[in-house]
Structures are given as structure tokens and as C-alpha cells.
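All values reported here derive from a predicted model rather than from experimental measurement. Numbering of ligands and ligand atoms starts at 1, following listing order.
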Amino acid sequence: MEDSIKSQIVEAKRQLRRDKDRLRTAFHELDDAMKAEADKIQATVAAGRPCIPELDYAAIRNGAVSDDTRAEIRQRGAVVIRGVFERARTEDWNEELSNYITENGYYEKEVEKRGLDKYFSGLASGRPQIFGIYWSKPQVMIRQSETMADTKRFLNRLWQVDGPGGQEFDPDNDYTYADRTRRREPGDKTLGLSPHMDSGSYERWTDPAFQKIYQSVFAGDWRSYDPWNASQRTKTKEFPSPAVCSMFRTFQGWTGLTPQGPNDGTLQLVPIANGIAYMLLRALQDDVFEDDLCGALPGRALGASREWHPSLMEGLVSIPTVEPGDTVWWHPDIIHAVEDEHHGAGYSNVVYVGASPRCEKNAVYARLQAQAFLEGRSAPDFAPEDYEIDFNGRATLDDLTDLGRAQMGL
Ligand SMILES: [Fe+2]
């Protein structure tokens, strides 16, 4: 780690740790609260009940989501919204995306780009599982669909967006964030991701906007911290890196293209919305070195571990089985992981689509992204592999609806 970042960390910790006794007491209380929360989650799993809230898209469309369900989503920081797309239509998209990838020679090009001298080795693990594909028609159709727009409005409105300086973001309109697609084959062992959160690592302690967001936690008053208060959320400055999302997302998420559930090499979550408070206070305890934040590194995801965060890790659970057209969503401060091995029988495929509402931060990125779309290049946050420049069947301006154009800032 660069010395300048180390000194930022030392300085931030010096300021944040003025009242060490208070932070120690607060952390112990929080540790007990998180253990109780994790126990509740595991008891729910043991009883065979869903520990991640679920609802049907129809309830959103009909304005029939209960306050209890909203409260539960705010508590868990995650939700499965089923039936955003019809199953048959989603299965067609899955097929179409597969054809787009193979007919345009993605696998051969991928081997060339890796500099390998032979066609993929025949081992399942030699083939890519995440594709640098952003502009296939199925992805564009999913992003610009009206049902997806309704879903995002519902999610954005779980946040409290009005602050003293006006709205932090527009909950009813969004910019698209073009992301990749995962197509994970049975038996794959290459794609596991250890528990982490995205959208900021050491910045969560050092950046002035993050310090305001987590003000009450840093003051030891973690009970007053509200994960859903949007104030300052679009003002944070992240360390630039290909692993970091340049847009503010109210929720990360994906749309399932195939059925997938526990042991199918898919998503796990620690569904505790204020778990971030534990991560923040843990790093400010006496047993962590002055230039260390429990291993937080610039430009990388913020890792959670059994070593530093055992009470939170007890709450790690797999998502329930989802069907084609169902969607999964989690707050940007939720710890998540991808199972190491795919033990299931079918592909587990998803299209990543998060909720990225209109705000100045997202407008800046949307302008760069629109240019990449028009030229068929990779989206600007990602490695410039530019696979799709000469792909047949790529989505173009003509494929965008009015909503789709607005979402692209075009
Ligand atoms: Fe992630």
C-alpha cells in the first residue's frame, strides 16, 4: 500500500479515535447486537422460513407492498423480487445471449486475449464464467424494461432522499449502469468470491462524505445510524480502480436467467443492514495497528473475515432458489459472497442490473458510458476488452425505447 494512503489512514484513525473508551464500549454492545441478529437469521433458516424478504413484482405494480415488508427489507438490506420478467421470455433471452456469445466467437477471442496457444483446454475451469459483454439485446431489453423501472422506483423509495440541501437523488428516474453477465457452468470452481462489500474500502473511514454518512457510528452512537438516509451518499469519492463502481447505486442486483439456489454456485449474503457499523468500529479498536483497517485496501472490495468479523460472518446465508425472471437486490453496505463451487446440474446465469438513480455523480458516468455504447466498447468502469465492437446483433440506438434513451442520457 502506498505511503500516502497509509498516512491518510493513520490520520483518519487518530481523529476518529479521540474517545477510545466510548468506541470500545460501543463495539462491545454492537458485537452483542450482531450476534443476536445472526442467531435470529440462523434460527429462521433452521425453521425453513425465508430469511431474506421476498415479494412478487405484481405487489409493486399494484401498490400492495405492506409496511411490514418494507420494514423487513430495511432491516435485512436485501430482497428477492420475483416475476419481474415472464419466465418464457427470460428463457428466450438466456438462449439469445448464449447465441450472441458463441456465434460472435467470444470464446476464441477470449483465448487470444489471454495469449493462450491452444483452444480452451477442455477443462471446464478453462472457460470464462463472467463475460465482458455489455450491449447484447437481452441485457439492453432487461435494463430498459418498464417492469424493471417500476422495481427500481420501489427500491429507491425505501431510501429517505430528502435532505436539507434538497433531494440527494431522483428516486423515480435512473441512469442505466451497464454491467456484465455471469454464465456459470456446473462444476465450476473458478469463480468463488469471499465475503466482501463493494462501493468503497478504506474510503469509508477516510473520505469526508463517508465520515458524514457514518457520523453517528464513529461517535459511538451506532443505534442512531440509519442505513437508508441518503444524505451525502452521492458525494463520496472512491479510489479509482477497475474493481470500483463509479455510479452510486441504491441497490446492487441481478436478474436470474436460469433457476439457481443454494449450492448452485450463486450468491450468499449477510442480511444485516447495519452490519457496516460493526466493520467500521472493529477497525477502530485497540488491537488493530494504527495504519491498518482490518485489511481494507485501496481499489479493492472491502473484505469481511472470520478473523476480524466473526459475529457478522455467523449471519452468512445463501439466497433462496430463484427462477428465470426473478431478481435479487442488496444495499451497497451489505456483505456478499459467491459460493466457491457450483454443485448444481444446470448453468447459473445472471445479468447484473443494479439501481442507479439520477444524480450528478451518475450523470457524469452516464455521459462516458453512452459514448462506449454508441461505439460498442466495454463500459468505462471495466477492462477495455471491447469484444463487442464488431459483434453481429449488438444493440444500437435503434433498439432503445424512449425510456432506454433517457436512461442512457441520450
Ligand atoms: Fe461484490
- With a cut-off of 2.8 Å, strictly less than, protein N/O/S atoms near the Fe ion (ligand 1) add up to 3

- Message: Looking only at the aromatic ring of each residue, does the gap between the centers of W135 and F373 stay below 6.0 angstrom?
- Response: yes

- With D150, which residues qualify under salt bridge (Lys or Arg N to Asp or Glu O under 4.0 Å), at least two apart? R153

- Message: Quiz question: by atom type and distance under 3.5 Å, do the side chains of D31 and S311 form a donor-acceptor pair?
- Response: yes

- Item | Side-chain donor-acceptor pair present, T258, N349, cut-off under 3.5 Å | no

- Message: If only side-chain N and O atoms count, and only distance matters, is there a donor-acceptor pair under 3.5 Å linking Y214 with D333?
- Response: yes

- Query: Under 6.0 Å between the ring centres of F248 and W159?
  - Reply: yes

